[in-house]
> 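Shown below is the structure under consideration.
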Amino acid sequence: MTTKCSRRSFLKASGLVSAGLAITSTLPDKFLLWAEEQGMLKATYTPTFCEMCFWKCGAMAKVINGRVVKLEGNPAHPGARGKLCARGNGGAGLLYDPDRLKTPLINTGARGEGKYKKASWDEALGFAAERLNKIKQQYGPESVALFTHGTPTDHFLPLMWAYGTPNIGMPSFAQCRGPRDVGLELTFGEGIGSPERVDMVNSKVVVLFGSHLGENMHNSQVQDFSEAVGRGAKFVVVDPRFSIAAGKADTWLPIRPSTDMALILAWINIIIKQGLYDREYIGAYANGFKELADAVSEYTPEWAEKETDLPAAKIVEIAILMGKNAPAVCIHPGRHSTWYGDDVQRTRAMGILMALLGSWGRQGGTYIGTKGSFPKGESKPYPEPSKAALNLGNYPFAGGEGVTQVIRTATITDQPYPIKGWFVSGTNLMKSIPNQKETLEAIKKLDLLVAVDVMPFDTVMMADVIFPECTYLERHDALAVGKGKSLTVSLRQPVIEPMYESKPGWWIAKELGKRLGVGDYFPWNTYEEKLKSQCSSWGISYEELKTKGTITIPDTSDPYITATNQPVFKTKSGKIELYSSELKENGFDPVPRYTKHPEPAAGEFRLIYGRSPVHTFSRTTNNPELHELYPENEIWVNASKAREMGLINGNYVSLVNQDGVKSNPIKLKVTERIREDCVYMVHGFGTTSKELKNAYGKGADDQGLITKYAVDPICGGTGMRVNFVRLQKEVKHA
Ligand SMILES: Nc1nc2c(c(=O)[nH]1)N[C@H]1C(S)=C(S)[C@@H](COP(=O)(O)OP(=O)(O)OC[C@H]3O[C@@H](n4cnc5c(=O)[nH]c(N)nc54)[C@H](O)[C@@H]3O)O[C@H]1N2
Ligand SMILES: Nc1nc2c(c(=O)[nH]1)N[C@H]1C(S)=C(S)[C@@H](COP(=O)(O)OP(=O)(O)OC[C@H]3O[C@@H](n4cnc5c(=O)[nH]c(N)nc54)[C@H](O)[C@@H]3O)O[C@H]1N2
Ligand code: SF4
Ligand SMILES: [Mo]
């Protein structure tokens, strides 16, 4: 059996990627696997967890002769259940990517020019520390901001807190799930968690708004989705595009983009008017029903038909379907929710729909997260910043996760106080925050830009000093605590030693901490020492974790509301807030209301974007294995529109947005599977970093075209589907 063959059958069996997309192993891997089969070499397996996206699936790494030849899902891990997605399988492609950052680098040219000299760790750490200390002296520690994503956060957040800044920016909040989390917190007093606590496996009806599962490839969630489809659950997919999920659905609702709120409010109205809501549940757990009923009474199915372009009769039919199958109805609240700027309210509307159906905390709806927890460790208290975090004044509900673009504006304007340094770890700001011109302007103004990364992506290549982190397969990281149905804990441990001169994030944070005078926040010699002591205080065997990779704590699951398992709503009123007095007090609509959004003019299309199942944003675009599967993105254009413009499948076009910004040439995908008023592309392509030999210049960058964004006044999320483009035919592009 060759590897290629076994991978194929594995992928096929997993149902996660089609067999045709199997990853081919490299020649050295093939030889090693052959030698192992012949009994000449022995393989070892090391459990760890994946960082190719943020689902943190448990993985088993197979190593022969010091080389990682294969990654498989850990059967004991709830996010993986023995399978990895294509990106997880392709993790070794990152490890062995020849374009990886290999040594610390110090900029020797103008910022962004890409001229670097190799430096020793001591030199690079000293360079950063000296400048960080200078900013602290001159402006105060608050004038440095941390931008971060993924497990590097576990190391650099404490470092920056110890340094004294409260300014944290996470694109995974303000450009992603911020509005969803805030909307649900305002309604139920808590978010939906990650992995989302959706109980699709037990649902009779599942409703997806966008949420393009199958392209959005969060492993166990896609497994749940497949299982529910196989079991015959009814799927309703609301999407202007016939997504993979729509292809599996009973009902596809090709909604006019930006009008989801109209549909949800009409559904709420119908469910109330027809008495399809769960009276007992609402009576026991919710407040504001009357105010809600009054506020939504104007949203009739006929009105919604005009807004959404969906037939009124169909809207009624689905409302009845949901009502009849409640509470086993899963209204998936989505994840990437920064769409149109009224996104907290859209998520609140979804939450209200869940409440009316009595599905929050009920089988087939959403489940109650484990009540199990681990004791909080003692740590030295962090200094109290003397200036408030930048978010707080602007967005009352933003919380501590950071509104990236507010930090960017402060960097440009020096208001309310200057931001002089950016510390960027595991996030590619040029690709993730809208309006690149502003990002560039802010970066140009900085006194210091530090990057900690594994690859020379666009933002990294503008840094003054670059710290090469080793990949997740070469390091320890913080324990991953899973709060799904049960409490779980997983370990990341090195599968092989760090390659080149790369170092783990924990080491970089500790060493920089020493040089910033905050070394006592890292009072251990190695991270493993810290992990061992944490395990012993949690009553877990570190040795068991090392061999199994993941441990599920027994008797920590009680997922549904029962007489003895009553829900706790941490809202102001202690109830589900159909009417939010908290929003009202802050000058916002207490019940969601419909606002019309601008429509594309003749000849224009709304630009919408999403995921490829084999890539994670920009971060995998250079991965040799994943690049081979999907080297460049395409632009989906409705077939009759393409005909009108004389464009055919495979032509290259450029996209020009309302502000005259033009994209790289991008290949046309002419299809019936999208509405006429929008075009669709996969996010993350069109990198500008020449260091990335596979990805440079391939495909087009959606972010470049997103010059306009609609800020959610409640949480600061940036709605990014508010840009319109025209298509310009290009001569064939290599
Ligand atoms: N393979 C892969 N999987 C991933 C990721 C990845 O990078 N790669 N990223 C992960 C992360 S962090 C996130 S946040 C999620 C994002 O994935 P999701 O949370 O699923 O993102 P959405 O924006 O909801 O979904 C995109 C879909 O929305 C549709 N859409 C566009 N406009 C509208 C509209 O106005 N109304 C409706 N109803 N639909 C619309 C698009 O056609 C597209 O099908 O994916 C996660 N999973
Ligand atoms: N236009 C547009 N904008 C978007 C989106 C979109 O669909 N369209 N999606 C939004 C969403 S949902 C999200 S969550 C955000 C995500 O956006 P980001 O937070 O920027 O996340 P990534 O793109 O994953 O970050 C990529 C960077 O992390 C680096 N990296 C990878 N692994 C490691 C590691 O182990 N250590 C370190 N130190 N670095 C590592 C990569 O090399 C790369 O430079 O973007 C948002 N912005
Ligand atoms: S969903 Fe895929 S990429 Fe994400 S952690 Fe799991 S295996 Fe890795
Ligand atoms: Mo996201």
Side-chain angles (χ1 to χ4, degrees), residues 16-17 49-59 71 73 77 79-80 83-91 94 97 100-101 147-153 155-156 169-178 180 194-195 216-223 334-338 404 424-434 436 451-461 467-475 477 492 502 504-505 508 607-611 613-623 626 681-684 687 689 692 701-706 709 718 720-721 723:
L16 289 179
V17 286
F49 64 85
C50 183
E51 181 85 4
M52 297 299 281
C53 86
F54 309 100
W55 209 245
K56 299 184 175 163
C57 296
L71 293 159
H77 188 273
K83 297 168 186 172
L84 297 180
C85 77
R87 299 165 297 153
N89 277 310
L94 169 67
D97 190 328
R100 262 180 70 174
L101 292 168
F147 293 92
T148 185
H149 196 185
T151 50
T153 309
H155 311 299
F156 299 108
M170 297 197 190
S172 54
F173 179 84
Q175 281 70 45
C176 174
R177 58 184 167 70
R180 176 199 72 178
S194 176
N216 157 359
M217 209 52 172
H218 278 165
N219 191 348
S220 50
Q221 185 164 222
V222 177
Q223 296 185 42
R335 187 176 183 105
H336 175 63
S337 51
T338 46
T404 46
V424 180
S425 68
T427 176
N428 187 0
L429 303 176
M430 284 301 292
K431 283 276 180 286
S432 52
I433 318 183
Q436 288 171 343
V452 184
D453 209 296
V454 290
M455 293 292 298
F457 272 105
D458 314 32
T459 315
V460 175
M461 292 315 288
F467 296 128
E469 187 171 19
C470 55
T471 70
Y472 69 97
L473 293 167
E474 305 158 281
R475 67 187 195 224
D477 267 319
R492 174 171 288 153
S502 65
I508 303 170
L607 178 68
I608 61 175
Y609 53 79
R611 307 279 174 254
V614 303
H615 283 291
T616 303
F617 319 110
S618 57
R619 63 162 60 206
T620 54
T621 50
N622 201 64
N623 181 307
L626 302 174
M681 68 199 280
V682 168
H683 164 65
T687 184
S689 167
L692 301 166
D701 175 14
D702 57 331
Q703 199 63 280
L705 297 162
I706 303 179
Y709 54 94
T718 56
M720 299 190 285
R721 289 180 178 155
N723 291 266

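Excluded from the calculations below are hydrogen atoms, water molecules and symmetry mates; all remaining heavy atoms, backbone and side chain alike, are included. Atoms within each ligand, like the ligands themselves, are counted from 1 in listed order.
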> Do ligand 2 and Tyr609 have nitrogen or oxygen atoms that lie under 3.5 Å from each other?
no
> Please step through side-chain hydrogen bond (donor to acceptor under 3.5 Å, both in side chains) for the pair Thr471 and Glu474, ending with a clear verdict.
CA-CA 6 Å; Thr471 70; Glu474 305 158 281; 2.7 Å; yes
> Between ligand 2 and Ser425, is the shortest N or O to N or O distance under 3.5 Å?
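Ser425 vs ligand 2: no N/O contact under 3.5 Å.
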> Among all protein heavy atoms in this structure, tell me which lies nearest to atom 24 (O) of ligand 2, with the distance rounded to 0.1 Å.
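Of every protein heavy atom, Arg619 NE, 2.7 Å lies nearest to atom 24 (O) of ligand 2.
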> For Arg475 and Thr151, test the side chains for any donor-to-acceptor distance below 3.5 angstrom and give the result as yes or no.
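On atom types as modelled, these side chains qualify, holding a pair under 3.5 Å.
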> Polar contacts were defined as any N/O atom of the residue lying under 3.5 Å from an N/O atom of the ligand; does this apply to Tyr472 and ligand 2?
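Among all N and O atoms of Tyr472, none is under 3.5 Å from an N or O of ligand 2.
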> Locate the shortest heavy-atom distance separating Thr718 from Thr338; write the atom from each residue and the value.
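Result for this residue pair: O-CB, 3.2 Å.
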> Give me the residue, atom name and distance of the protein heavy atom closest to atom 45 (O) of ligand 2.
Ser432 CB, 3.4 Å
> Below 4.0 Å from any atom of ligand 2, is there a heavy atom belonging to Ile706?
yes
> Taking the minimum heavy-atom distance to atom 13 (C) of ligand 2, which of Phe54, Tyr709, Phe617 ranks first?
Phe617
> Report, in ascending order of atom number, the atoms of ligand 3 lying under 4.0 Å from any heavy atom of Arg87.
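With Arg87 as reference, the close atoms of ligand 3 come out as 1 (S), 2 (Fe), 3 (S), 4 (Fe).
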> Which is it for Met170 and ligand 2 at heavy atoms under 4.0 Å: side chain, backbone, both or neither?
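No part of Met170 is near ligand 2 at this cut-off.
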> Under 3.5 Å, N or O to N or O, is Gln175 touching ligand 2 that way?
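No; the residue has no nitrogen or oxygen that sits under 3.5 Å from a nitrogen or oxygen of the ligand.
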> For Ser172, is at least one N or O under 3.5 Å away from an N or O on ligand 2?
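N/O-N/O distance under 3.5 Å: no.
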> Looking at atom 33 (C) of ligand 2, what's its closest protein heavy atom, distance included?
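For this ligand atom, the closest protein heavy atom is Val454 CG2, 3.7 Å.
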> What atoms of ligand 3 come closer than 4.0 angstrom to any heavy atom of Lys56?
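Every atom of ligand 3 under 4.0 Å from some heavy atom of Lys56: 5 (S).
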> With heavy atoms of Arg475 as the reference, note each atom of ligand 2 found under 4.0 Å away.
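Near Arg475, the atoms of ligand 2 are 34 (C), 35 (O), 36 (N).
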> Numbering the atoms of ligand 3 from 1, which are under 4.0 Å from a heavy atom of Asn219?
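Atoms satisfying the 4.0 Å criterion: 1 (S), 6 (Fe).
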> For atom 8 (Fe) of ligand 3, what is the nearest protein heavy atom, given as residue, atom name and distance?
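Its nearest protein heavy-atom neighbour is Cys50 SG, 2.4 Å.
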> Looking only at protein heavy atoms, which one is nearest to atom 1 (N) of ligand 2, and how far off is it?
Asp702 OD2, 3.0 Å
> Any N or O of Gly426 that comes nearer than 3.5 Å to an N or O of ligand 2?
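So ligand 2 has an N or O lying under 3.5 Å from an N or O of Gly426.
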> Arg611 near ligand 2, heavy-atom distance under 4.0 Å?
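True for this residue.
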> Let me know which of Asp477, Thr427, Thr148 forms a side chain to side chain donor-acceptor pair (under 3.5 Å) with Thr153.
Thr148
> Does any N or O of ligand 2 fall below 3.5 Å from an N or O anywhere on Asp453, backbone included?
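The answer is yes, given that Asp453 and ligand 2 share an N or O pair closer than 3.5 Å.
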> Hey, what's the ring geometry for His218 with Trp55, parallel, tilted or perpendicular (30° and 60° as the breaks)?
parallel
> Based purely on interatomic distance, does His336 place a nitrogen or oxygen under 3.5 Å from a nitrogen or oxygen of ligand 2?
no
> Tell me which one of His77, Met52, Lys83, Met217 gets a heavy atom nearest to atom 3 (S) of ligand 3.
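Checking each option, the heavy atom nearest atom 3 (S) of ligand 3 is found in Met52.
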> Which residue and non-hydrogen atom of the protein lie closest to atom 21 (O) of ligand 2, and at what distance in Å?
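Looking only at protein heavy atoms, the one closest to atom 21 (O) of ligand 2 is His149 ND1, 2.9 Å.
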> Based purely on interatomic distance, does Thr616 place a nitrogen or oxygen under 3.5 Å from a nitrogen or oxygen of ligand 2?
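No, no N or O pair falls under 3.5 Å.
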> In ligand 2, which numbered atoms sit nearer than 4.0 Å to a non-hydrogen atom of Pro152?
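So the answer, numbered in order with elements, is 36 (N), 37 (C), 38 (N).
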> Would one find an N or O of Gln703, backbone or side chain, under 3.5 Å from an N or O of ligand 2?
yes
> What protein heavy atom sits nearest atom 36 (N) of ligand 2, and how far off is it?
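Minimum-distance protein heavy atom for atom 36 (N) of ligand 2 reads Glu469 OE1, 2.8 Å.
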> Students should be able to answer this: which protein heavy-atom is nearest to atom 6 (Fe) of ligand 3, and at what distance?
Cys57 SG, 2.3 Å
> Of the protein's non-hydrogen atoms, which lies at the shortest distance from atom 2 (Fe) of ligand 3, and what is that distance?
Cys85 SG, 2.4 Å
> Assess the side chains of Asp458 and Ser689: does a donor N or O sit below 3.5 Å from an acceptor N or O?
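Checked: Asp458/Ser689 side chains show no N/O donor-acceptor pair below 3.5 Å.
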> If you have a sec, work out which protein heavy atom is nearest atom 4 (Fe) of ligand 3 and how many Å separate them, to one decimal?
Cys53 SG, 2.2 Å
